[in-house]
Structure formats: C-alpha cells, structure tokens
Amino acid sequence: MSEGATTAPDAKDQQALEKLNSLKGKQSKAQIKKILNSGQPADVLYDPETNEYLAAYHTEPVITPFLSIVGPGCTSSSACLRNTNNTPFGLEGTGSLTVNLSNITKVSAGNYNTGIYRTNGTGVITRAWNTTYLSSATYVRSVTRTP
C-alpha cells in the first residue's frame, strides 16, 4: 500500500468504532480511567489532538480454559481466595472457572491478574502479586486469571 492510501475498517473495527462513538460524551473521565486501569482487554477511543481518552469499554477477554483448583490450599504463584474462616482456596493457571465459594473476604492474585465475579456479574480484578481485601464477605460464582 502506498503512503497516504487508506482502506475501510474491517467489520470488527467498524463495530468497535460505532460502539465507542455511541459512548463518547456519555462516560465520565473516572469511568474511562477505571476501564483503562482494570487490566482487562478494552477498546478505547483516543483524541491525539487533545491528548484525551473519549470513550472505552471492556471487550471479552481471550482466556484459555486451563484454570484449575489447587485444593484447599494455595501455592506461592496461585490465586488464593480466603473465606471468613480463613480457609484458602487456590487456583492455578489462566482461564476462567465457575466456582461456588461463599463468604470470600480476601483475594491474593499470585502471578496473574485475577478477577472474581458474583452471580450478577459484578466483580473486582486484583492485579498480579497484589491482594484485595473485601469490605464484606461475598459469594464468588466465577474466577478469571489472565497474564
């Protein structure tokens, strides 16, 4: 392709641009920043003239199905979820897994970003090697781990 030549965006890019343009002006800077800092895959609309992010949304993470339960118990690199009884539930690898864990109060990510999600889909991402303490015990329905 010669310099200055353009091609139309492919269908996936066109859908992303349409969604981003529909969000432009509807999201606060704080909402956009939260998406950018989440550690999860996202599509972002950026204005190079103003040096501002204009819109963002989470895309589906590309996750391989190799997340497995360590036991009760954890390893130094596994995600480690603890409940109100301080019982450790360890998860190794990357991917996503449906679980049924009650009264979780602490998430240590281990060597990968770790997300925990409730039945309604809300959740929190803990970045690799960080720990998140939950202000109240919660039921965890699924866990994801991504590099």
Side-chain angles (χ1 to χ4, degrees), residues 1-70 74-83 88-147:
M1 183 178 297
S2 64
E3 189 173 326
T6 62
T7 60
D10 67 20
K12 183 179 177 199
D13 288 341
Q14 188 61 41
Q15 288 175 339
L17 287 168
E18 286 173 7
K19 184 169 184 175
L20 288 164
N21 281 315
S22 74
L23 292 169
K24 187 168 62 174
K26 296 178 183 172
Q27 294 175 302
S28 69
K29 288 182 181 185
Q31 289 172 312
I32 295 169
K33 184 176 181 179
K34 184 176 179 180
I35 292 168
L36 292 172
N37 292 331
S38 71
Q40 291 295 300
D43 284 340
V44 180
L45 183 62
Y46 178 78
D47 184 340
E49 298 299 319
T50 63
N51 197 31
E52 290 183 292
Y53 292 100
L54 305 176
Y57 67 93
H58 288 290
T59 58
E60 289 296 318
V62 177
I63 297 175
T64 54
F66 298 115
L67 184 59
S68 60
I69 297 172
V70 174
C74 301
T75 68
S76 61
S77 62
S78 69
C80 191
L81 286 63
R82 291 188 180 265
N83 65 15
F89 298 95
L91 297 135
E92 281 282 339
T94 61
S96 62
L97 188 65
T98 299
V99 295
N100 292 297
L101 298 174
S102 298
N103 299 315
I104 298 300
T105 58
K106 179 182 173 183
V107 180
S108 297
N111 63 341
Y112 292 116
N113 297 324
T114 301
I116 61 166
Y117 301 94
R118 302 185 311 177
T119 303
N120 66 4
T122 62
V124 63
I125 306 294
T126 302
R127 292 186 185 239
W129 305 116
N130 290 342
T131 299
T132 298
Y133 295 87
L134 305 176
S135 62
S136 61
T138 193
Y139 173 78
V140 175
R141 182 71 178 126
S142 66
V143 178
T144 61
R145 297 190 78 215
T146 58

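Throughout, residue positions are numbered sequentially from 1 according to the sequence presented.
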Novice: OH/Y117 to CD1/I125 distance, rounded to the nearest 0.5 angstrom?
Specialist: 3.0 Å
Novice: Residues two or more places apart in sequence or in another chain: which of them pass side chain to side chain contact (heavy atoms under 4.5 Å, CB included) with A137?
Specialist: T84, N103, T105
Novice: R145 and T94: side-chain donor and acceptor closer than 3.5 Å?
Specialist: no
Novice: Apply side-chain hydrogen bond (donor to acceptor under 3.5 Å, both in side chains) to N100 and list each qualifying residue two or more places apart in sequence or on a separate chain.
Specialist: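 Only Y139, R141 meet the side-chain hydrogen bond (donor to acceptor under 3.5 Å, both in side chains) criterion with N100.
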Novice: Under the rule for side-chain hydrogen bond (donor to acceptor under 3.5 Å, both in side chains), what residues qualify as partners of N113, not counting sequence neighbours?
Specialist: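 Applying side-chain hydrogen bond (donor to acceptor under 3.5 Å, both in side chains) to N113 gives none.
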Novice: Can you name the residues that form a side-chain hydrogen bond (donor to acceptor under 3.5 Å, both in side chains) with S108, not counting sequence neighbours?
Specialist: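 side-chain hydrogen bond (donor to acceptor under 3.5 Å, both in side chains) check on S108 returns T131.
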Novice: Mind checking what makes side chain to side chain contact (heavy atoms under 4.5 Å, CB included) contact with I69, not counting sequence neighbours?
Specialist: L91, L97
Novice: Check residues 15-22 and write down every donor-acceptor pair under 3.5 Å in which the side-chain atom is one partner and the other belongs to a residue at least two apart or another chain.
Specialist:
unit_1 : atom_1 : unit_2 : atom_2 : d
E18    : OE2    : Q14    : NE2    : 3.4
N21    : ND2    : L17    : O      : 3.0
S22    : OG     : K19    : O      : 2.7

Novice: Which side-chain N or O atoms in residues 44-51 pair as donor and acceptor under 3.5 Å with protein atoms at least two apart or in another chain?
Specialist:
unit_1 : atom_1 : unit_2 : atom_2 : d
Y46    : OH     : N51    : OD1    : 2.1
D47    : OD1    : E49    : N      : 2.8
D47    : OD1    : T50    : N      : 3.4
D47    : OD2    : T50    : OG1    : 3.4
T50    : OG1    : E52    : OE1    : 3.3

Novice: Y57: which residues meet the side-chain hydrogen bond (donor to acceptor under 3.5 Å, both in side chains) condition with it, sequence neighbours left out?
Specialist: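 Scan of Y57 (side-chain hydrogen bond (donor to acceptor under 3.5 Å, both in side chains), adjacent residues dropped) gives D43.
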Novice: Please name the pair of heavy atoms, one in S77 and one in W129, separated by the smallest distance, quoted to 0.1 Å.
Specialist: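 Heavy atoms of S77 and W129 come nearest at CA-CH2, 4.3 Å.
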Novice: Test: salt bridge (Lys or Arg N to Asp or Glu O under 4.0 Å). Region: residues 92-119. Which pairs qualify, not counting sequence neighbours?
Specialist: none
Novice: Please list all pairs meeting ring pair (Phe, Tyr, Trp, His ring centres under 6.0 Å) that have one or both residues in residues 90-112, counting only residues at least two apart or in different chains.
Specialist: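 Every candidate ring pair (Phe, Tyr, Trp, His ring centres under 6.0 Å) pair involving residues 90-112 fails, so no pair, neighbours aside, qualifies.
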